[in-house]
Protein chains: 2
Amino acid sequence: MGIRAQQKEKTRRALVDAAFNQLSAERSFSSLSLREVAREANIAPTSFYRHFKDMNELGLTMVDEGGLTLRQMMRKGRQRAEAGGSLIRISVETFMEVLDSNPNVFRILLHERSGTSAPFRGAVAREIEHFISELVHYTETTTNRSHDLARAQAEALVTLVFNAGAAALDMKRADRKALAERLVIQLRMIAKGAEVIQEKQDNR
Amino acid sequence: MGIRAQQKEKTRRALVDAAFNQLSAERSFSSLSLREVAREANIAPTSFYRHFKDMNELGLTMVDEGGLTLRQMMRKGRQRAEAGGSLIRISVETFMEVLDSNPNVFRILLHERSGTSAPFRGAVAREIEHFISELVHYTETTTNRSHDLARAQAEALVTLVFNAGAAALDMKRADRKALAERLVIQLRMIAKGAEVIQEKQDNR
DNA sequence: TAGATTAGCTTACAGATGTACGCTCAAATA
DNA sequence: TATTTGAGCGTACATCTGTAAGCTAATCTA
C-alpha cells in the first residue's frame, strides 16, 4: 500500500475511533455532529468528506464493525462451549465479557436498533439476524424442535440477551453479576419451556 | 378554573400534543427542537418557557402520560382476563390494541428507555417497574413460585412484550398478527419453563 | 375601579451546524 | 523529470438553535 493510501486509511480510522470514543451513556451516535467528530480526529470539518459522504455513512461503517465484533464473539463462545460446561452459562459469560471490553461497539448497536434511521435499524437487524439463525440451526440439529418453534425460541433467547446487555452497559460490576445470574435463569426457562411445548405438540 | 388558567392549560396541552404529533419512526423526541414544537403548537418560541423549563421537562411530562396510558392498559387487560380465556393471549391482544391506538405514546417510552438522558431512562424504568411488580404479585398469589423466580419470570415476560411492541410499531397489520402469535408462544415458553424450574427446586 | 399579574409576542444575539469553493503541496504516475 | 491527483486546509455563508429583554393587553385581585 502506497504512502498516500496508508495515511488516508489512518485518518479514516481516526474518524471512526473518534466517533466511537465520543459514545457514552449520555451521547448517542445520532447526537454527534460532523464537526465534533472531525475535531476529535484532529482534521478540518471539510476534510471529513474525503472519507465519508456524510455522518450516516460513518455510522453504518461503525455498525458493520460492531457486527464483526458480534460474530467474533459468537465464535469465541462456541469454542469455549465445545470444551464442555453449561452452554447457556458459558454463552452469557462470553457475552458479558465482550460487552465489557467493547462497550461503545454495543452502544451503537443497542441504541440504533431502535433508532430513527431506517438504514441503521436494518443494518443492526441484519447483524442480530445472524445471531438468531445460527441459534436456530444449532437448536434444530441438537434437539427435535420443529423449525417454527426453534425460531421462536431463538428469538426469545436473543431478545433477552440483548436486552440484558443494554441494561448491563451502565451497571457496576456487582449489579452486572446479579443480572447475568438472572439472565441465565431466564434463558433456562425458555429452553425448558420450549422443550415442554415441543413434547406436547408431538403427543397430539 | 378561571379563564386565564383555562387558556393556559389549553396552550400547555397544545405543546404536549404538538410534541407527540411530531414523533414518528423517523423522529425521536430528542431530535425535536423547542422551536419546532412551539411552531407546531402555534406559539412563539419564547412562550414555551411559560409552560416548561426546557424540553427535558416537556419530555418527562410526556413519559408520565405514557405511563398513565400503560396503567390504564393493564387495568383493561385485567378486566378482560377476568371474564375468562387465556390470560397470556388476552394480555397480548390488549397490548397490541393499545399500541395501535397510541403509537406515539409508546414511541417515546420505547425509545427513551434506551435513550441518552438518565432522567428519562429512570422515568421509563419506573413505569415498566409498575408492570413487572404487578405481574410478580399476580404470579406469587396464583402459583407457588418463589419470589426470586417470580421476579425473573415477570421480567422476562415484560421484556419480550415490550420488545415485540417496539418491533410491531412500524409493521403492517398482517406482520403484526404473526408477531403477536409468536409472542404468545414465547410467553408460554417462559411460563412453562418457570413452572418446571420451580418444581425442580421443590423436589430438592 | 385601580393596580398587579402574567401569557404570549417581537426583536435580538451569540453560537453551532452542514457544506460549497478554491488553495496547497506531497505523492503517484507517465 | 514533468504532470496529474487528491488529502487536508481555511474561509465563507446560510440556516438553525436556545434564550435574554422588554412590551402589550387581557385577566385577576383587593
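The chains referred to below are lettered A, B, ... by the order of the sequence lines, with proteins before strands, and numbering in each begins at 1. This structure is a prediction, so every number in the text was calculated from the model and none was measured.
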Determine whether Leu70(A) and His130(A) satisfy the following criterion, side-chain contact (heavy atoms from CB on, under 4.5 Å), listing intermediate values before the conclusion.
CA-CA 9 Å; Leu70(A) 271 187; His130(A) 283 151; over 6 Å; no
Starting from [atom2] on [N], measure out to [atom1] on [X] and report it in whole angstrom.
X        : N       : atom1 : atom2 : value
Leu34(B) : dG8(C)  : CG    : P     : 14 Å
Glu57(A) : dT19(C) : CD    : P     : 12 Å
Leu15(B) : dG8(C)  : CG    : C1'   : 11 Å
Ile43(B) : dA7(C)  : CD1   : C1'   : 9 Å

Is any side-chain N or O of [X] closer than 4.0 Å to OP1 or OP2 of [N]?
X        : N       : answer
Ser47(A) : dC9(D)  : yes
Arg39(A) : dA16(C) : no
Thr11(A) : dG8(D)  : yes

When rounded to the nearest 0.5 Å, the distance separating OG1 of Thr94(A) from CZ of Arg80(A) is 4.0 Å
Check the orientation of His111(B) and His111(A). Use parallel for under 30°, tilted for 30 to 60°, and perpendicular for over 60°.
perpendicular
Short N-O contact, [X] and [Y], less than 4.0 angstrom:
X         : Y         : answer
Asp170(A) : Arg107(A) : yes
Arg182(B) : Glu155(A) : yes
Glu36(B)  : Arg27(B)  : yes
Glu129(B) : Arg151(B) : yes

Looking at the side chain of Tyr49(A), which of dT17(D), dG8(D), dG18(C) is the nearest nucleotide?
dG18(C)
Work out how much the helix from dT1(C)-dA30(D) to dA30(C)-dT1(D) bends between its end axes, five pairs an end, to the nearest 10 degrees.
20°
Testing Phe95(B), Tyr138(B), Phe162(B) one by one against Phe131(B) for a ring-ring contact (aromatic ring centres under 6.0 Å, His included), which residue passes?
Phe162(B)
pair Ser117(B)-Asn56(B): side-chain heavy atoms closer than 4.5 Å:
yes
Have a look at Arg12(A) and say if it touches a base, only the backbone sugar-phosphate, or nothing, with a 4.0 Å heavy-atom cut-off.
nothing
Base versus backbone protein contacts along nucleotides 21-30 of chain C [heavy-atom cut-off under 4.0 Å; B, S, -]
-----BBS--
